[in-house]
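What follows is one structure encoded as structure tokens, with my remarks underneath.
Hydrogens, waters and symmetry mates play no part in the numbers below; they use all other heavy atoms, side chains included.
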Amino acid sequence: QVQLVESGGGLVQPGGSLRLSCAASGIIFRLYHMGWYRQAPGKQRELVATITGGSSTNYTDFVKGRFTISRENAKNTVYLQMNELRPGDTAVYYCNAFLRLGDQIRDHWGQGTQVTVSS
């Protein structure tokens, strides 16, 4: 079975920090592109950051300079360090694993972890 398990969410004040973790099993982790997405109530799921198997990164504009994505292949884990958090960052954060094999796609999602930014 493929499993992606997120952890590290919680309640934090504006300007604070959190580090999210996503532990993967059932995949050859080093071959997958990994990503973090988020979804707020009444909104569509949106991209936060991605990291390739070769550790190249990409960030959406609303998190550039505040969030950092990284991976530790020996632990099959991807991280999202979130600094200078704002109320608008409040959402459920989801981990994604993606691999393209010619004309076939491998695409997996975790169950999500809640992040709430409030004073």
Side-chain angles (χ1 to χ4, degrees):
Q1 291 186 13
V2 176
Q3 290 192 88
L4 304 177
V5 181
E6 301 97 333
S7 61
L11 175 65
V12 65
Q13 293 185 346
S17 298
L18 287 172
R19 190 178 79 155
L20 306 183
S21 298
C22 172
S25 60
I27 63 173
I28 305 175
F29 182 81
R30 69 182 185 278
L31 301 180
Y32 277 74
H33 293 209
M34 303 297 297
W36 287 97
Y37 296 73
R38 70 187 188 186
Q39 187 168 21
K43 304 288 184 63
Q44 289 193 322
R45 189 172 299 187
E46 62 184 357
L47 172 71
V48 177
T50 60
I51 183 167
T52 70
S55 295
S56 296
T57 59
N58 178 262
Y59 299 92
T60 302
D61 285 344
F62 57 78
V63 305
K64 285 182 179 178
R66 300 190 297 127
F67 293 7
T68 303
I69 188 170
S70 62
R71 66 194 295 159
E72 189 170 1
N73 288 343
K75 294 186 176 181
N76 287 5
T77 300
V78 63
Y79 305 96
L80 185 68
Q81 178 66 47
M82 305 186 294
N83 300 323
E84 298 296 327
L85 284 161
R86 307 164 180 169
D89 296 319
T90 296
V92 178
Y93 284 70
Y94 296 92
C95 180
N96 172 255
F98 178 84
L99 179 65
R100 186 181 183 91
L101 297 171
D103 62 348
Q104 298 185 19
I105 298 294
R106 302 287 185 266
D107 193 19
H108 307 286
W109 293 91
Q111 294 299 302
T113 184
Q114 177 71 48
V115 172
T116 302
V117 185
S118 177
S119 59

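- Here the closest non-hydrogen pair linking Pro14 and Ser119 is CD-N, 3.7 Å.
- In this structure, the side chains of Arg38 and Glu46 come closer than 4.5 Å at one or more pairs of heavy atoms.
- No chain of hydrophobic side-chain contacts below 4.5 Å, direct or via other Ile, Leu, Val, Met, Phe, Trp or Tyr residues, connects Phe62 to Tyr94.
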Stepwise side chain to side chain contact (heavy atoms under 4.5 Å, CB included) test for Val115 and Leu20 | CA-CA 9 Å; Val115 172; Leu20 306 183; 4.1 Å; yes
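- Once rounded to the nearest 0.5 Å, the distance linking OG of Ser56 with CD1 of Ile69 reads 11.5 Å.
- As a member of the Ile/Leu/Val/Met/Phe/Trp/Tyr network built from side-chain separations under 4.5 Å, Phe98 groups with Ile105.
- More than 12 heavy-atom neighbours from other residues, nucleotides or ligands sit within 6.0 angstrom of CD on Gln81.
- Follow the hydrophobic side-chain contacts under 4.5 Å out from Val5 and you never reach Ile51; the two are in separate clusters.
- Rounding to the nearest 0.5 angstrom, the gap separating the CD atom in Glu84 from the OG atom in Ser17 is 7.0 Å.
- With sequence neighbours left out, the ring-ring contact (aromatic ring centres under 6.0 Å, His included) criterion links Tyr37 to Trp109.
- Expressed to the nearest 0.5 Å, how far CE of Met82 lies from CZ of Arg19 amounts to 11.5 Å.
- Counting heavy atoms from C-beta outward, Trp36 and Val78 have side chains that approach closer than 4.5 Å.
- Scanning all heavy atoms of the two residues, the minimum distance from Asn73 to Phe29 falls at OD1-CE2, 3.1 Å.
- With sequence neighbours excluded, the residues that form a side-chain contact (heavy atoms from CB on, under 4.5 Å) with Lys64 are Tyr59, Asp61.
- Shown here for Ala40 and Thr90, the closest heavy-atom pair between the two residues is CB-O, 3.7 Å.
- A donor atom on one side chain and an acceptor atom on the other are found under 3.5 Å apart for Glu72 and Tyr79.
- Across all their heavy atoms, His33 and Arg71 have their closest contact at CA-NH1, 4.4 Å.
- Taking CG of Leu4 as the start and OG1 of Thr77 as the end, the distance is 10.5 Å to the nearest 0.5 Å.
- Note on Met34 and Leu47: separate hydrophobic clusters, where clusters join Ile, Leu, Val, Met, Phe, Trp and Tyr whose side-chain heavy atoms are under 4.5 Å apart, directly or indirectly.
- Transitive grouping of hydrophobic side chains (ILVMFWY, heavy atoms separated by less than 4.5 Å) keeps Leu11 and Leu85 in distinct clusters.
- Within the 3.5 Å criterion, the main-chain N or O of Glu6 finds no donor-acceptor partner in the side chain of Thr113.
- Heavy atoms only, all atoms of each residue included: Ala97 and Ile27 are closest at CB-CD1, 4.1 Å.
- Note that CG of Leu101 is 9.5 Å distant from CG of Asp103, once rounded to the nearest 0.5 Å.
- The minimum heavy-atom distance between Gly8 and Leu18, with the atom names listed, is O-CD2, 3.8 Å.
- Taken from NE2 in His108 to CD in Gln1, the straight-line distance is 12.0 Å, to the nearest 0.5 Å.
- Under the 4.5 Å side-chain contact rule for hydrophobic residues, Tyr93 and Val12 share a cluster.
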